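Start at 1 and go down the list; that is how both ligands and their atoms are numbered. Given the structure is predicted, the values throughout are model-derived calculations rather than measurements.
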Amino acid sequence: MKPGIKKPRPSWAEPYKIKMVELLKMTSPAQRKKIIEEAGFNTFLIKSEDVYIDLLTDSGTSAMSDRQWAGLMMGDEAYAGSRNFYNLEKAVKKYYGYKYLIPTHQGRGAENLLSQIMIKKGDVIPGNMYFTTTRLHQELAGGTFSDVIIDEAHDSTSQHPFKGNIDLAKVEALIKKHGAEKIPYICVATTVNMAGGQPISLENLRALRKLTQKHGIKIYLDMTRVAENAWFIKEREKGYNRKSVASIVYEICSLTDGATMSAKKDALVNIGGFLATNDHDVFEEASNLVVVYEGLHTYGGLAGRDMEAMAIGIEECVHDEHMKARIGQVEYLGQKLLEAGIPITEPIGGHGIFLDAKRFLPHLTQDEFPAQTLAAEIYIDSGVRTMERGIVSAGRNSKTGKNYYPALELVRLTIPRRVYTQAHMDVIAESVIRTYERRAKVKGLKMVYEPKYLRFFQARFERLK
Ligand code: F0G
């Protein structure tokens, strides 16, 4: 091999074969122009059947295995004490080590329970970057979110291998300012979504555990993408190369007091989530509260069959071969874009590629919604649906009503698990490259409708003249 030429990485080919396919509708650019206009330039408002490759989210969009589909047939749809609940409880104990489990319909159901139980008015909840629903539930419970992620996370060009890490000095400063009694817990996310799917290291989590234990502050994990985080630890953290994803996942959880989970991501199901905890008091309160919002504590808004599919998915997602192919596919797409000079968040993250819209469309100000604009342009080009993760997603400060201006203005190309092929990745890359080539001609947007909560889901826009 010539010097300077990188050795190709070992193949990441899928550890499964395809048993069934879903046919897709093809549309023309003229049709898509009309569709995106009618959808108010918001990709959330496009009908799924008008989408060719759907990269809106990796949430609930995974392909389940034949074992999971078979699990659906084993659904025990009793109102109370379903067999599938106990299977799920067993899986959570085995793979994550948490003592108590409350199922919820999805992640935000668990966030609601945790926030209501743990947060008092005036409390501060530190976290490694905000997530939209997590922060909103903290605010609705009377708390204030405070970002304690390392500064590198806000810079899409920083090559830091663990951009999800927590800056311990920021945590110490918060404790000094507010007092530990005002900080009920720290919310630690694995492969931080809004930072571009960037992992946290075990070294950092261990140090955080030491610091918070000294002050009696709990750690609750947002374990939505914990297995993907474990893969990065295996690849990048000293001493973990020979450890299995499963054992790393277990170790991450062991450094925390509990977790909220959106099983729609890592755990390979189309719906489901849970709150898990080692604290009996929290469990008791959550068992009570879940009845108000979700359903009885042995189903939490899910059918028995959903819990069975989740229990099986929890096991499948920690297989090393699964994770190698999963992250390998994301990396394949990212490398193609990097080779074409497209500005993306680096290092390449876990669940998708994040285009840096500020660098992609430098002629637009943040008030002209560059990421929202770029997502619309890519849809028009190819029918590939992506998502804004910038100023629209960031929303407004609930106290001052002012817009947040996040440093990161990104378009997320989120890769569903076990759904698309390498050829799909090629088509996506070509579409982004074509859009980049005509970027100078792209005009921005103005917002013409803004809902009160989580505006990115339903906001509408018009093209600036
Ligand atoms: N935490 C993280 C890190 C998430 O990414 C999500 C969902 C949630 C919590 C909430 O879980 O959707 O099951 O209620 N993220 C999706 C996404 C919506 O597209 O990133 P949920």
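- Arg67 has no carboxylate O lying under 4.0 Å from a charged side-chain N of Glu308, or vice versa, which leaves the two without a salt bridge.
- Not a single heavy atom of Met194 sits less than 4.0 Å from an atom of ligand 1.
- A donor and an acceptor atom, one from each side chain of Gln458 and Asn42, are nowhere located under 3.5 Å apart.
- Of all protein heavy atoms, the one lying nearest to atom 8 (C) of ligand 1 is Phe131 CE2, 3.4 Å.
- Remark: ligand 1 and Arg412 share an N or O pair separated by less than 3.5 Å (distance only, no angle test).
- Between the choices Ser262, Gly197, Ser59, Gly109, the shortest heavy-atom distance to atom 13 (O) of ligand 1 belongs to Ser262.
- Both the backbone and the side chain of Gln106 come within contact range of ligand 1, each with a heavy atom under 4.0 Å.
- Note: no N/O pair closer than 3.5 Å links Met387 and ligand 1 by distance alone.
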**Request:** Determine, step by step, whether Tyr299 and Tyr79 satisfy the ring pair (Phe, Tyr, Trp, His ring centres under 6.0 Å) criterion, reporting the C-alpha distance in whole Å, the side-chain angles of both residues, the deciding distance to 0.1 Å, and the verdict.
**Result:** CA-CA 8 Å; Tyr299 77 85; Tyr79 189 90; 5.1 Å; yes

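- The N/O atoms of Asp58, backbone and side chain alike, include none that comes under 3.5 Å of an N/O atom in ligand 1.
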**Message:** Is there a salt bridge (Lys or Arg N to Asp or Glu O under 4.0 Å) between Asp58 and Arg417? Walk through the geometry before answering.
**Reply:** CA-CA 7 Å; Asp58 61 329; Arg417 297 167 185 79; 2.8 Å; yes

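- Closest to atom 3 (C) of ligand 1, if we only count protein heavy atoms, is Asp222 OD2, 3.3 Å.
- Nearest to atom 5 (O) of ligand 1 by heavy-atom distance, out of Ile271, Asn193, Thr414, is Asn193.
- For atom 9 (C) of ligand 1, the candidate residues are Glu111, Arg108, Lys265; the nearest heavy-atom contact is made by Glu111.
- Any N or O atom pair closer than 3.5 Å counts here, and Thr133 shares no such pair with ligand 1.
- At least one cation-pi condition fails for Arg385 and Tyr379: the charged atom is not both under 6.0 angstrom from the six-membered ring centre and inside a 45 degree cone around its axis.
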